[in-house]
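First comes the structure, then the notes that go with it.
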Amino acid sequence: MQSDDPAYVAYEALAPIYNSFTHANDYEMWVGQVLLPELYRRGLPTGGKMLDVACGTGRAFAPLLRRGWQIHGCDLSPAMLRLAAREGGSEVALRVADMRKLPTIDSFDLVLCLNDSVNYLLGDNDVAVALAGMRRNLAASGLLLFDVNSRLAYSNYHEEEREITYHGARWLWRGHGEVAPGIYESSIEGDGIPVVMHRERFRPLGEVRDALAAADLDCVAALGMKEVEGKAVLSDSPNEAEHYKMVFIARSNPRA
């Protein structure tokens with residue numbers, strides 16, 4: 001494990017407060033009511049085996065378990081996985097894994113990689129390498145879904161200051177903007193943690209499509225996401241200037 005990897009360092013430090021810091025995230029809405037119906041519409045069977053890559057503290061487990069999914073999860077951070085173990089209990093198998101070195105764990109009907117985890121991959125070829133690892137874990141008819149932040153997200157959320165409070169605790173998110181071409185830096189500080197630095201890399205639509213092709217994956221859909229009255233809404237016409245996230249659905253290229 002690379003102890004100097006920015007994502008590893010950030011999430012080992014953030015683990016104690018992560019669930020409180022992200023308490024407003026509605027996983028039942030995002031995973032259960034938005035993403036899964038979109039996947040079912042594109043041929044995913046209900047229930048089956050799924051792999052949650054960069055699962056963090058396991059906040060996405062409950063909506064999937066309620067719908068009959070058998071879950072495996074992996075994450076770069078052992079500290080985050082210790083919390084995920086409490087979330088999933090004996091129903092979820094967990095392992096430490098860097099998505100750039102993802103082992104072949106099983107043959108899954110669904111592979112998820114959520115919450116802009118792909119944006120934490122900073123190297124030029126990292127996304128294609130990570131996607132190839134996810135493809136090796138897909139069943140022949142399986143689907144992969146992942147999201148990336150858009151330019152709009154970085155030009156707003158990653159260049160501003162926000163205060164988050166929860167049950168008396170207080171944290172400050174401070175966006176430092178673009179510190180190198182395509183690289184955005186931010187920090188979190190407050191109760192229960194040191195100053196935690198984040199580094200993410202903006203990945204344009206074309207670059208993600210190229211990475212999918214390099215990983216022998218066919219892009220089934222590229223969708224834009226925005227919030228409408230507090231609910232995530234997906235669009236078949238992704239627009240970097242309008243949507244905060246881009247959601248990609250892919251399957252293995254049968255010709256590979």
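Counting from 1, the numbers follow the sequence of the chain as shown.
Looking at every heavy atom in both residues, Gly48 comes nearest to Asp109 through CA-OD2, 3.4 Å. Contact between Glu159 and Glu178 at its shortest, heavy atoms only, is OE2-N, 4.2 Å. Across all their heavy atoms, Pro238 and Gly224 have their closest contact at CB-N, 3.7 Å. In this structure, Ala128 and Ala215 approach most closely via the heavy-atom pair O-CB, 3.6 Å. Nearest approach of Pro103 to Asn137, heavy atoms of both residues: O-ND2, 3.0 Å. Nearest heavy atom pair, residue Gly47 against residue Tyr40, reads N-OH, 4.3 Å.
Donor-acceptor pairing under 3.5 Å is lacking for the side chains of Ser20 and His167.
Judged by distance alone, with hydrogens and angles left aside, the side-chain atoms of Ser77 form a donor-acceptor pair with the main-chain N or O of Met80 at under 3.5 Å. With Ser150 contributing its side chain and His243 its backbone, the two residues share a donor-acceptor pair below 3.5 Å. With hydrogens and angles disregarded, a donor-acceptor distance shorter than 3.5 Å links the side chain of Asp26 to the backbone of Glu28. Counting only distance, with no hydrogens or angles, the side chain of Arg203 and the backbone of Leu121 share a donor-acceptor pair below 3.5 Å. A side-chain donor-acceptor contact under 3.5 Å links Glu240 to the backbone of Arg151. Asp147 contributes a side-chain N or O that, together with a main-chain N or O of Asp116, makes up a donor-acceptor pair within less than 3.5 Å. Judged by distance alone, the side chain of Asp191 and the main-chain N or O of Arg170 form a donor-acceptor pair under 3.5 Å. Between the Asn115 side chain and the Ser117 main chain, no donor and acceptor come within less than 3.5 Å of each other.
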Does Phe61 form a side-chain contact (heavy atoms from CB on, under 4.5 Å) with Trp69? I'd like the steps, not just the answer. CA-CA 9 Å; Phe61 293 168; Trp69 286 89; over 6 Å; no

Residues Arg136, Asp216; criterion salt bridge (Lys or Arg N to Asp or Glu O under 4.0 Å); working and verdict: CA-CA 10 Å; Arg136 289 191 294 271; Asp216 290 326; over 6 Å; no

Tell me, with the steps shown, if Ser235 and Lys226 meet side-chain contact (heavy atoms from CB on, under 4.5 Å). CA-CA 8 Å; Ser235 169; Lys226 64 180 179 180; over 6 Å; no

Check against side-chain contact (heavy atoms from CB on, under 4.5 Å), Ile188 and Val195: CA-CA 6 Å; Ile188 301 171; Val195 177; over 6 Å; no

Given Ile105 and Arg95, is the side-chain contact (heavy atoms from CB on, under 4.5 Å) satisfied, shown in steps? CA-CA 10 Å; Ile105 299 167; Arg95 68 169 63 198; 3.9 Å; yes

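A 4.5 Å side-chain heavy-atom check between Val34 and Lys231 finds at least one atom pair inside the cut-off. Side-chain atoms of Val53 and Phe146, non-hydrogen and from C-beta on, never get closer than 4.5 Å to each other.
Rounding to the nearest 0.5 Å places CE of Met246 at 8.0 Å from CG of Leu152. Note: Ser107 OG to Leu138 CG = 8.0 Å, rounded to the nearest 0.5 Å. Between the CG atom of Asn119 and the CZ atom of Arg199 there is a distance of 14.5 Å, given to the nearest 0.5 Å. Atoms CG and NE2, on Asn149 and His158 in that order, are 5.0 Å from each other to the nearest 0.5 Å. Here the straight-line distance linking atom CG of Asp5 with atom CD of Glu12 works out to 11.0 Å at 0.5 Å rounding. Distance check: Leu110 CG to Leu51 CG gives 9.0 Å after rounding to the nearest 0.5 Å.
For Tyr18 and His23, the distance between ring centers is not under 6.0 angstrom.
For CZ of Arg86, the number of neighbouring non-hydrogen atoms (other residues, nucleotides, ligands) closer than 6.0 Å is 12 at most. Counting heavy-atom neighbours within 6.0 Å of Glu91 CD, excluding the residue itself, gives a total of 12 or less. At most 12 non-hydrogen atoms from other residues, nucleotides or ligands lie less than 6.0 angstrom from CG of Asn125.
A salt bridge links Glu38 with Arg42: the distance from a Lys NZ or Arg NE/NH1/NH2 to an Asp or Glu carboxylate oxygen falls below 4.0 Å. Between Arg100 and Asp126 there is a salt bridge, since a side-chain N of the basic residue sits under 4.0 Å from a carboxylate O of the acidic one. Looking at Glu161 and Arg174, a side-chain N of the basic residue comes within less than 4.0 Å of a carboxylate O on the acidic one, giving a salt bridge. The pair Glu87-Arg59 fails the salt-bridge criterion, with no side-chain N (NZ, NE, NH1 or NH2) lying under 4.0 Å from an Asp/Glu carboxylate O. With salt bridges taken as basic N to acidic carboxylate O contacts below 4.0 Å, none links Arg135 and Asp218.
Relative ring orientation between Tyr154 and Tyr184 is described as parallel, the plane-to-plane angle staying below 30° on a 0-90° scale split at 30° and 60°. Ring geometry, Phe21 versus Trp171: the interplanar angle exceeds 60°, so the pair is classed perpendicular (tilted spans 30 to 60°).
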